[in-house]
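In what follows, every heavy atom counts, from backbone to side chain, and hydrogens, waters and symmetry copies are set aside.
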Protein chains: 2
Amino acid sequence: MRYHKIPDEAVRRLPLYLRGLLFSSQDLPEKISSRKLADFLGVNPWQVRKDFSYFGEFGTPGVGYNVEKLIKQIKKILKLNVSHKAALVGVGNLGAALLTYPEFKIYGFDIAAVFDNNPKKIGKKMANVVVEDVSNIGLLKKRDVKIGIITVPKSVAQETADALFNAGVRSILNFSPCSIKAPKKIKVVNIDIAMDLVRLPYYMTS
Amino acid sequence: MRYHKIPDEAVRRLPLYLRGLLFSSQDLPEKISSRKLADFLGVNPWQVRKDFSYFGEFGTPGVGYNVEKLIKQIKKILKLNVSHKAALVGVGNLGAALLTYPEFKIYGFDIAAVFDNNPKKIGKKMANVVVEDVSNIGLLKKRDVKIGIITVPKSVAQETADALFNAGVRSILNFSPCSIKAPKKIKVVNIDIAMDLVRLPYYMTS
DNA sequence: CTATGTGAATTTATTCACAGCA
DNA sequence: TGCTGTGAATAAATTCACATAG
C-alpha cells in the first residue's frame, strides 16, 4: 500500500461492507472474493478492492478474502473494536423508536443516557434507561459519552448540540431538519428522512 | 443555460435548498443572494449558483433570487407541485414513528396505506389509517400509490419490495439494513441509520 | 489459472474567475 | 457596484487493465 488520501466515499462504504459480511457469514464459506462480496452488495468488484486497498492489503491473490479476518480489520479501522456510549436527546416518536433500534448494539453502540425537556417524561424509564432533564446534559462530562444523537424539534436543535459539545461530546448524529453549526473538530452526520423521501418523485418518469 | 447532464449530487442538494428557503422565509426578505442562502445552509455560494444553473436561470444579476419564486421552481423540478401518496410496510417502532413524522406532509406526502403481517395490528387504526394485511399489497394497483416505505425486518425486505413493485410502486425508501434488488426503472433510496452512526468513531481522534 | 492490489485513464463533481446584466 | 450564470481549471472518485502473488 502506497500513501493515499482516503476518499470520504470509501469511508462511507466501509460500514456497508461490514454489514454485508456480518449478515452473509452464516451461508458463506470461510473465504470470499471481491466479486462475490460486490454482487451481494450491489457494487463493483474493483470498487471493493480499491476501497480495501486504501487501508491495507487484506486479501490473498488467487484466493480472496478471509471473511472473519476481514470483519476484524474493518471493525478496527472503524474503531468498532471497542464499544461506544451514546446520549440521545429528545424522546419523541422518532427518539423512542431509536432507543429500541436493535442494529445499534450489533455494532457495539449503547445508548447510555437519554434526555428530554418534558417533565412528564423525565424520571420515566425507557428501554432500561431513566430519562433525565436536558439541563443535566453537562453531567455527561463525567460519563465517557462521546456520541450524541439529536432527535429534538429544530427550534432547539442548535442549543442541544451546543450543550452536547460543552459536555465533551465529539460527534453528532442529527435527525433535526436543520444544519448544525459545530466546531471543526466535531463530526456531524445529518439524517433528514424527509430529504430522502422528497427526491423520489424527481426520479419517477411520469 | 446550455445542455448539461445534471449531477446526482445537485439533485441531492436541491431538497436541502428548498428546506432552507421554507424554514427561513419568515425572517428573510423577499430576495436572497446566493451568498446568504449558502451561509444559512453551510455551503458555498458558487455551489448554490451552479446547482441552480443546471435547471435554469432563476436569479437576477445584481439582485439575487426571489424567494417565493425560487421555492416554486425547486418544487416544480422535484415534482412537489403535486401531492404524492405513499404506502408504508411494517408498523414496528420505526414504522410507527414515521407514520406521525410531521415533515412528510410539509412537502406534500401522504401515507395513504399501511401494511403489516401481525394479526394483532391488522385492522387497527394508526395515525388515521387502518393497517392492512401485507397480502393485500397488490390492491395498491388501483389506488395510485407510487411510493413505498419499507420498515420491515431484513428477512422479508426483498419480498416486500417485490410485492410493492408488482403493485405498481415506482420508488422505494428502504429502512431495512440490506440492499434491495430492483428493476432499473425503479428508484431505491436506502437509509440505514446504523450505517451513519457506525462511521462516527472513525472521525473521532482519540 | 484465479483473484488481488494499484498505477493510469476516465469520468464526475467542485471551485474558480470573470463576462455581462441590473 | 453587486450578484448571477457559466466556461475553464482543478480536484475527487470511479473504472480500467494488468503486473504480480498464490
Side-chain angles (χ1 to χ4, degrees), chain A residues 1-17 20-21 24 28-71 73-74 77 199 202-203, chain B residues 1-17 20-21 28-74 77 199 202-203:
Chain A
M1 181 186 52
R2 298 274 186 287
Y3 165 82
H4 278 111
K5 196 192 152 292
I6 294 167
D8 262 356
E9 290 299 297
V11 176
R12 197 183 52 74
R13 280 187 298 264
L14 223 44
L16 292 170
Y17 299 145
L21 289 165
S24 68
L28 278 173
E30 194 192 350
K31 310 261 180 186
I32 191 169
S33 67
S34 57
R35 166 164 299 283
K36 281 211 185 119
L37 181 55
D39 284 352
F40 185 71
L41 297 168
V43 297
N44 298 321
W46 46 84
Q47 178 89 82
V48 173
R49 295 204 300 275
K50 188 66 152 180
D51 283 345
F52 289 164
S53 82
Y54 291 121
F55 300 97
E57 304 186 10
F58 301 154
T60 312
V63 179
Y65 299 90
N66 176 306
V67 172
E68 199 183 339
K69 202 172 137 202
L70 186 54
I71 288 173
Q73 276 157 325
I74 298 177
I77 294 164
R199 64 201 161 93
Y202 175 86
Y203 292 99
Chain B
M1 182 184 52
R2 299 273 185 286
Y3 166 81
H4 277 111
K5 197 190 152 295
I6 293 167
D8 263 356
E9 290 298 295
V11 176
R12 198 183 51 75
R13 281 187 297 263
L14 223 42
L16 293 170
Y17 300 146
L21 289 164
L28 276 173
E30 194 192 350
K31 310 262 177 183
I32 192 169
S33 67
S34 60
R35 166 163 299 284
K36 282 213 185 115
L37 180 55
D39 285 351
F40 184 72
L41 297 168
V43 298
N44 298 321
W46 46 83
Q47 178 90 81
V48 172
R49 294 204 300 275
K50 189 66 151 182
D51 283 346
F52 289 165
S53 83
Y54 291 121
F55 300 98
E57 304 185 12
F58 300 156
T60 311
V63 179
Y65 299 90
N66 176 306
V67 173
E68 199 183 340
K69 202 173 137 199
L70 187 54
I71 289 174
K72 271 203 185 118
Q73 276 157 326
I74 297 176
I77 294 163
R199 65 203 161 90
Y202 175 86
Y203 292 99

Give the rounded distance in Å between these two atoms: [atom1] of [X] and [atom2] of [N].
{"X": "A:R49", "N": "D:dT20", "atom1": "CZ", "atom2": "P", "value": "16 Å"}
{"X": "B:L14", "N": "C:dA13", "atom1": "CG", "atom2": "P", "value": "14 Å"}
{"X": "B:F52", "N": "C:dT14", "atom1": "CZ", "atom2": "P", "value": "14 Å"}
{"X": "B:K31", "N": "D:dT4", "atom1": "NZ", "atom2": "C1'", "value": "13 Å"}
{"X": "B:F58", "N": "D:dC3", "atom1": "CZ", "atom2": "C1'", "value": "17 Å"}
{"X": "A:Y65", "N": "D:dG22", "atom1": "OH", "atom2": "C1'", "value": "14 Å"}
{"X": "B:F55", "N": "D:dT6", "atom1": "CZ", "atom2": "P", "value": "13 Å"}
{"X": "B:E57", "N": "D:dT4", "atom1": "CD", "atom2": "P", "value": "13 Å"}

Side-chain heavy atoms of [X] within contact of [Y], under 4.5 Å:
{"X": "A:S33", "Y": "A:Y65", "result": "no"}
{"X": "A:K31", "Y": "A:V67", "result": "no"}
{"X": "B:L14", "Y": "B:F55", "result": "yes"}
{"X": "A:V11", "Y": "B:Y203", "result": "yes"}

Next item on the list: Please list, chain by chain and in numerical order, all residues satisfying side chain to side chain donor-acceptor pair (under 3.5 Å) with B:Y202, sequence neighbours excluded.
Entry: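 Result, side chain to side chain donor-acceptor pair (under 3.5 Å) vs B:Y202: none returned.
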
Next item on the list: Only counting residues at least two apart or in another chain, list the ones meeting side chain to side chain donor-acceptor pair (under 3.5 Å) with A:E9.
Entry: A:R12

Taking N or O atoms only and anything under 3.5 Å, show me the protein contacts with nucleotides 20-22 of chain C, one pair per line.
{"residue": "C:dA22", "atom": "O4'", "partner": "B:P61", "partner atom": "O", "Å": "3.1"}

Notebook entry, point to check: Please, which pairs that meet salt bridge (charged side-chain N to carboxylate O under 4.0 Å, His left out) have at least one residue in residues 39-51 of chain B, sequence neighbours excluded?
Noted result: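 Qualifying pairs, neighbours excluded: B:R13-B:D51.
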
Next item on the list: Can you sort out the partners of B:Y17 under ring-ring contact (aromatic ring centres under 6.0 Å, His included), two or more places apart, ordered by chain and number?
Entry: B:F52

Heteroatom pairs (N/O) under 3.5 angstrom, protein to nucleotides 11-14 of chain D:
{"residue": "D:dT14", "atom": "OP1", "partner": "A:R13", "partner atom": "NH1", "Å": "2.8"}
{"residue": "D:dT14", "atom": "OP2", "partner": "A:R13", "partner atom": "NH1", "Å": "3.4"}
{"residue": "D:dT14", "atom": "OP2", "partner": "A:R13", "partner atom": "NH2", "Å": "2.7"}

